[in-house]
Amino acid sequence: MKKSFTLFAMLLFFTTFNQLLAQDEDTKNEFSFSGSVDVYFRSNLNANNSGEGYQAPGTSFGNLPGFSLGMVNLIGSYEGDRGGFVADLVFGPRGEDAVFASPYYSAERGSSQMINQLYAYWNVSRSVTLTLGNFNTFLGYEVISPAGNFHYTTSYMFSYGPFSHTGLKADIALSDDISVMASVMNPSDLTEFNPFGTYTMGLQVGLFGKTFFNFLYGDQDGKIKDNQPVGGIDEVSAGKTFQADLTTGFDLSDAFYLGVNATYNTTGVGEVYDGADVHDAEGDGAGFYGAAGYLQFKASEAIAVGTRLEYFKVYNGGLDVIGLDAHGDGSVVNLTLSANAKVGNLTIIPELRLDATSEDSFQDKDLHASTKLMSFLVAAVYTF
Amino acid sequence: MLKIALILNLLMVASLDTGWSPAGIPSIQYEGIIACKGYDKATIYHEIVDYFKTHNISELKLDCVNQISGSGKLRIYNKLIGSIKNPAGEVAFDFIVDVKDEKFRYTMHNIWFTAIERDRYGRFEKSQDEPVPVDNEHFKFKSALLRKIEKQVQAHMDEVLWAIKKEIEADKLETTDW
């Protein structure tokens with residue numbers, strides 16, 4: 001992997017070096033500042049809202065009880081003809097969850113926890129852009145910022161796919177309708193630096209600017225070193241992760257829009273240290289897959305209603321976020337009904353959500369095991 | 001005093017026509033007339049052509065000695081505090097310049113708006129939505145944005161008028177230079 005990364009970097013350098021020499025100074029210099037603030041109120045309808053019995057869906061963001069804070073998102077960006085940068089900072093519970101793997105570098109000081117994205121890019125030509133740094137993931141239909149989503153809470157597929165990557169990516173527009181993105185990145189969500197020495201490859205093929213086929217492949221937790229296993233006997237390292245993902249959307253009419261997301265994720269069993277040698281572990285890969293539809297109706301410029309229907313399946317104990325059967329399998333159906341009411345730059349999002357799992361995953365008000373959780377939330381998202 | 005003299009020398013009429021138009025064709029247009037006393041039609045015409053050729057205007061058409069037409073684009077901004085801003089969208093427009101002795105008229109019409117939004121990586125990109133005609137009908141629920149577009153298009157038009165006038169006057173100075 002290291003060798004292929006070096007070759008990739010050299011190829012990029014030599015193919016773009018002449019472009020670097022040929023171009024003039026920037027003629028467009030534009031600094032922009034924008035962001036959002038989000039807050040919400042959340043309550044379970046069939047489960048406790050405080051104490052040990054407090055329940056929430058196993059998805060990311062918008063899970064705190066009562067009146068709660070989302071995040072402050074401040075984005076500064078500079079755009080020139082030849083390149084620019086984006087510095088995207090987050091503060092608050094949603095932001096902390098979004099950069100959950102930071103600070104890896106310095107737990108005491110921890111300023112890395114506020115960095116959601118930090119990258120610089122170079123417009124090599126009209127059709128090729130190179131980006132180096134930390135950027136949000138290209139997988140999945142939903143995004144970290146609530147300003148970019150219709151629903152305030154998030155899907156299982158989004159929550160358990162990667163959030164962010166740090167690496168080098170090349171965006172290539174092959175035509176007006178076809179685009180390709182290829183990248184070499186750290187293990188997912190390890191955004192400050194690469195502590196494991198393994199790299200992940202990313203590929204995205206875009207059609208008509210609306211349909212994207214996304215692929216991710218690589219070792220997310222490094223290899224066990226033969227001569228210095230850190231964890232001693234029975235130290236295990238997972239194998240390579242492969243994820244394939246589709247996002248697309250259709251305008252069914254002037255008022256109706258349908259978005260679709262499907263994903264498949266698997267991680268190999270990897271290797272184990274038995275006290276003497278490192279050898280391949282036995283067993284099947286584990287992971288998850290799912291699909292979701294997002295149907296939205298725009299009643300006016302100010303009012304829209306929408307629903308998200310998601311099916312999410314964990315297999316071979318790939319995740320421990322919902323109840324699983326004896327084989328490590330379990331599934332959940334998530335039905336979310338939301339409205340978006342816009343008052344200028346403010347969006348009010350009332351939301352009703354049902355999570356129904358195949359195995360017991362929640363507790364009802366009497367602390368009895370339950371397969372269903374019904375919750376209500378109203379959020380306010382202000383963008384500027 | 002010089003400033004007052006310039007203002008007196010300038011007869012500028014900016015108008016906003018919001019009348020009815022066939023469906024799908026933006027009805028709002030902007031018109032500005034500026035006086036250039038002491039300059040004949042041919043001089044004004046050539047200065048205007050030179051101005052647009054150096055300002056990357058696409059599809060510049062020189063149909064006759066009285067008229068220049070073309071199309072252009074203008075970014076519309078949300079202004080936050082002071083000079084801090086971010087792009088709200090881009091308007092594409094057609095323009096016509098009618099030239100007469102000692103004056104010319106600049107008209108912007110067929111104005112379409114495309115929103116600019118942050119993409120999932122935080123970069124500003126043009127929205128995938130279709131461009132929207134800039135008129136009251138299509139912006140009845142976005143009146144604040146319409147006002148912003150109107151104000152900035154008007155400012156752009158004024159800037160173009162003044163810039164052309166300035167270039168015409170600058171050239172006159174050169175002719176007196178022995």
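Owing to the predicted nature of the structure, the values given are computational and were not obtained by experimental measurement. Chain A is the first sequence line, chain B the second, and so forth, proteins listed ahead of strands; every chain is numbered from 1.
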Honestly, the part of A:T131 sitting under 4.5 Å from a heavy atom of chain B is neither

When you look at NZ of A:K210, are more than 12 heavy atoms from neighbouring residues, nucleotides or ligands closer to it than 6.0 Å?
yes

With a 4.5 angstrom heavy-atom cut-off, which part of A:S36 approaches chain B: side chain, backbone, both or neither?
neither

Does atom NZ of B:K148 have more than 12 heavy-atom neighbours, drawn from other residues, nucleotides or ligands, at distances under 6.0 Å?
yes

I need the A:F31 CZ to B:N86 CG distance, nearest 0.5 Å.
10.5 Å

Toward chain B, the part of A:D88 with a non-hydrogen atom under 4.5 Å
neither

Applying salt bridge (Lys or Arg N to Asp or Glu O under 4.0 Å), can you list everything that pairs with B:K103, at least two apart in sequence or on another chain?
none

Close side-chain approach of B:N78 to A:F384, heavy-atom, < 4.5 Å:
no

How long is the straight-line distance from NZ of B:K142 back to CD of A:E301, given to the nearest 0.5 Å?
4.0 Å

Charged tip of A:K169 within 45° of B:Y121 ring normal and under 6.0 Å:
yes

B:R120 and A:L139: which non-hydrogen atoms are nearest, and at how many Å?
NH2-O, 3.1 Å

Would you name the heavy atoms of A:S77 and B:R118 that are closest together and state the gap between them?
OG-NH1, 2.9 Å

For the student: nearest non-hydrogen atoms of B:P87 and A:E30, plus distance:
CG-OE2, 4.2 Å

Could you check whether B:R123 makes a cation-pi contact with A:Y121, meaning its NZ or CZ is under 6.0 Å from the centre of the six-membered ring and within 45° of the ring axis?
yes

Can you measure from OG (A:S34) to CD (B:E117) and round to the nearest 0.5 angstrom?
11.5 Å

Do A:S32 and B:Y77 have side chains that approach each other closer than 4.5 Å (heavy atoms only, starting at C-beta)?
no

In terms of heavy-atom pairs under 4.5 Å with chain B, which of A:I75, A:N73, A:V143, A:T383 leads?
A:I75

